[in-house]
There are 2 protein chains.
Amino acid sequence: MDRPRKPTLDTVAGAVGVSRATVSNAYNRPDQLSAALRERIMETAASLGYAGPDPVARSLATRHSAAVGFMLGQGLSASFADAALSIVLDGLASTVDGHDHCLVLMPGRDKGGPRPETVARAQADVVVAYSLPDDAPALAAVRARGLPIVVIDQPALLDTARVEVDDFGGARLAAAALWEMGHRRFGVMTFALHADGHNGLVSPVRQASTSFRVSRDRLHGYLDVTGAGTPVWECARSSRELGRAGARALLSESPRPTALLCASDELAFGALQAVRDLGLRVPADVSVAGFDDVPAAEHADPPLTTVRQPLAEKGRQAGELALRLLDGGRPGEPTRLAVSLVSRDSTAPPK
Amino acid sequence: MDRPRKPTLDTVAGAVGVSRATVSNAYNRPDQLSAALRERIMETAASLGYAGPDPVARSLATRHSAAVGFMLGQGLSASFADAALSIVLDGLASTVDGHDHCLVLMPGRDKGGPRPETVARAQADVVVAYSLPDDAPALAAVRARGLPIVVIDQPALLDTARVEVDDFGGARLAAAALWEMGHRRFGVMTFALHADGHNGLVSPVRQASTSFRVSRDRLHGYLDVTGAGTPVWECARSSRELGRAGARALLSESPRPTALLCASDELAFGALQAVRDLGLRVPADVSVAGFDDVPAAEHADPPLTTVRQPLAEKGRQAGELALRLLDGGRPGEPTRLAVSLVSRDSTAPPK
DNA sequence: GAGTGTGACTAGAGCGCTTCAGTACGTCCA
DNA sequence: TGGACGTACTGAAGCGCTCTAGTCACACTC
């Protein structure tokens with residue numbers, strides 16, 4: 001009951017009566033043969049059920065796999081609960097897809113990154129790392145394979161292309177705006193400083209030793225304005241629920257903060273809800289600022305003041321970079337994208 | 001300035017002074033050689049910077065690519081705005097990742113599915129299709145390549161493994177509960193019935209000819225209880241914003257519906273907001289029911305009555321099915337998962 | 001001491017494709 | 001008429017690996 005072997009280039013070549021090279025050319029270099037012959041080859045291929053050159057064999061021969069690996073710091077559901085990540089990833093996907101490249105996803109499982117075994121077996125010839133801890137084993141595994149790397153929101157490793165935004169400056173911008181409105185009692189909400197699942201107030205020593213550049217820069221941008229004594233609450237992930245719980249804790253301190261600076265919009269949405277939970281109002285009683293400017297920020301209740309970073313553009317740039325590295329290009333200088341403060345109704349001077 | 005060629009199995013074999021097969025065995029069948037030799041091989045490999053067998057070459061030789069393709073109906077950001085999809089995908093990813101398989105993502109671009117070119121070049125040896133329109137070109141492309149297919153939430157194509165839930169029954173369940181509470185004036189909100197981006201009220205003829213099985217079944221489940229005359233609003237995507245706009249429209253009709261049946265939780269969240277927008281209260285003035293029971297449903301304000309489907313389980317099952325097909329297994333009977341109604345505070349008898 | 005294992009390693013034939021260096025046959029121009 | 005050039009196609013050498021069918025040496029058995 002052996003099912004018929006799948007047709008190969010040879011099968012088609014034999015059927016048409018030409019050499020294998022010619023059939024290959026029919027698919028890859030149509031200008032190398034006469035239109036008539038090409039036509040005949042395609043027809044025969046179709047009638048034999050040949051669906052084109054096998055991608056794996058092609059990859060082996062060309063030494064290009066036409067795939068871009070994407071390494072995530074967390075599991076998929078956690079990752080995609082984060083609208084910012086989704087938008088970045090979408091920008092990346094459209095870029096590489098336009099060049100007939102696939103995206104190979106490597107979800108985080110092990111110490112803030114994909115498992116090294118997963119990395120070792122992935123068929124990709126360039127890898128994009130998104131917000132992994134600086135010491136993720138997955139990064140070492142990519143290195144070991146000698147694949148080029150593009151990092152997003154992460155310190156550049158040696159010989160690595162990078163796209164990033166000015167997280168420190170952006171955070172400073174938001175904090176400064178609030179300061180100028182007259183706020184003096186702040187609370188800061190950050191997402192993971194370490195990949196250990198911690199939720200709660202952050203000790204100064206933990207603040208100083210973070211493994212994620214993004215949280216570090218945003219946090220320090222806030223504190224640069226509000227002062228080192230500002231209470232900081234850490235959420236293990238950037239989720240609305242965790243943000244809600246954290247904000248509730250921060251707002252229960254006394255004296256109560258008049259402004260909450262959140263390291264992401266998602267956290268800020270939670271904070272908005274927490275303020276309501278406590279029977280208070282935004283911005284009358286508490287101002288709330290976010291970071292990212294995801295689409296939902298504009299439609300939040302009230303519309304959220306936040307730091308805009310060009311998310312889709314970030315993904316697109318990473319895609320371009322990846323494509324360039326694929327072509328043998330050199331990493332070059334990091335691409336740095338501008339941020340700006342978007343003032344909406346969730347912030348106002350304190351009463 | 002030609003950079004040194006990457007080491008291969010042969011390089012290592014030469015350096016150690018054994019045959020290539022032995023080095024291969026050191027990686028793949030440790031029991032085939034003495035521990036001492038294996039140790040020596042691994043050391044030499046490490047010192048040469050050899051990171052293990054090349055995945056592409058291995059795939060060509062074994063004819064397994066250790067990758068599972070995943071075809072999406074929409075772009076990534078749209079897809080992942082949908083918590084249900086994220087959870088399913090996460091379940092799938094954990095399953096296949098546990099078996100050292102990667103996930104190759106193919107985002108929708110063309111008529112409700114990935115582009116056929118993308119499919120043709122993807123290095124995967126089984127493909128999971130999630131909620132694509134029944135006639136997506138991508139499906140045909142997978143067929144042409146002769147790859148096994150697992151479909152989630154879609155009618156089984158010939159010779160295809162399938163996992164699904166009882167969408168019709170679940171929708172009926174929710175509608176019936178509301179009916180029994182005394183509701184008689186309903187509004188129904190559905191996500192895309194066709195891949196044409198339509199937002200607005202749905203004509204009976206459009207209701208009858210939908211390309212997505214899921215929306216069809218849920219819609220008909222609702223209408224089976226509420227009657228064919230019930231106003232139906234279609235949102236192009238399952239998003240909170242679109243749901244909010246749709247619900248606002250539905251609630252502006254007169255007489256105003258006392259209950260809104262939503263084909264997804266995301267849509268229902270929008271509806272919750274729309275009710276507030278209009279100065280009304282849930283459930284006192286309007287009852288709202290969702291579908292999926294994503295985690296946020298429990299924390300919504302008020303907590304959402306919804307139809308629970310085992311999302312993670314759905315992904316896991318799809319993963320198992322994919323793995324089985326990879327092993328040459330036959331598709332077999334569709335896996336059907338149970339749904340149940342979760343009653344929370346967003347529904348109550350009408351005033 | 002012939003027969004029978006058995007554990008450790010190897011030779012070499014693929015896997016299905018790309019690509020480079022040809023060959024064969026016109027065509028064109030002087 | 002002969003050489004230069006172009007176009008259309010072919011032969012064969014890889015790409016880096018796996019895996020089957022060995023070989024070889026060294027016990028062990030009766």
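By convention in this document, chain letters (A, B, ...) are assigned in the order of the sequence lines, proteins followed by strands, and residues within each chain are numbered from 1. Everything numeric here is computed off the predicted structure, so don't read it as measured data.
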When you check the phosphate oxygens OP1 and OP2 of [N], does a side-chain N or O of [X] lie under 4.0 Å from one of them?
| X | N | value |
| --- | --- | --- |
| B/Arg58 | D/dT18 | yes |
| A/Asn28 | C/dT18 | yes |
| B/Thr22 | C/dT10 | yes |
| B/Tyr27 | D/dG16 | no |
| B/Thr62 | D/dT18 | no |
| A/Arg29 | C/dT18 | no |
| B/Thr8 | D/dG16 | no |
| A/Ser34 | D/dA8 | no |

request  = Identify whether any heavy atom of B/Leu33 sits under 4.0 Å from a base atom; if not, whether one sits that close to sugar-phosphate; answer base, sugar-phosphate or nothing.
outcome  = sugar-phosphate

inquiry  = Counting the atoms with a prime plus P, OP1 and OP2 as sugar-phosphate, which does A/Val18 contact under 4.0 Å by heavy atoms, base, sugar-phosphate, or nothing?
reply    = sugar-phosphate

Consider only side-chain N and O atoms of [X] and [Y], and report whether a donor and an acceptor are under 3.5 Å apart.
| X | Y | result |
| --- | --- | --- |
| B/Ser24 | B/Arg58 | no |
| B/Asp54 | B/Thr8 | no |
| B/Thr44 | B/Ser47 | no |
| B/Asp135 | B/Ser211 | no |

If I take atom [atom1] in residue [X] and atom [atom2] in nucleotide [N], what distance separates them, rounded to the nearest angstrom?
| X | N | atom1 | atom2 | value |
| --- | --- | --- | --- | --- |
| A/Asp54 | D/dC15 | CG | P | 19 Å |
| B/Leu9 | C/dT10 | CG | P | 13 Å |
| B/Asp31 | C/dT6 | CG | C1' | 14 Å |
| A/Asn25 | D/dT10 | CG | P | 10 Å |
| A/Arg38 | D/dC9 | CZ | C1' | 16 Å |
| B/His64 | D/dC17 | NE2 | P | 18 Å |

task = For A/Arg162 and A/Asp153, run salt bridge (Lys or Arg N to Asp or Glu O under 4.0 Å): C-alpha distance rounded to whole Å, both residues' side-chain angles, the deciding distance at 0.1 Å, then the answer.
result = CA-CA 8 Å; A/Arg162 174 166 47 136; A/Asp153 286 350; over 6 Å; no

query = Is the base of D/dT10 touched by the side chain of A/Arg20 through a donor-acceptor pair closer than 3.5 angstrom?
reply = no

remark   = Between B/Arg63 and A/Ser24, whichever has its closest DNA chain C nucleotide further toward 5' is B/Arg63

note = By nearest-heavy-atom nucleotide on DNA chain C, the more 5' of B/Leu60 and B/Gln32 is B/Gln32

inquiry  = For A/Asp125 and A/Ser65: C-alpha separation, side-chain torsions, deciding distance, then whether side-chain hydrogen bond (donor to acceptor under 3.5 Å, both in side chains) applies.
reply    = CA-CA 6 Å; A/Asp125 27 35; A/Ser65 67; 3.1 Å; yes

query = Picking from C/dC17, C/dC9, C/dC15, which would you name as closest to the side chain of B/Leu37?
reply = C/dC9

key: From D/dA12, C/dC17, C/dG12, nucleotide with atom closest to A/Ala21 side chain   = D/dA12

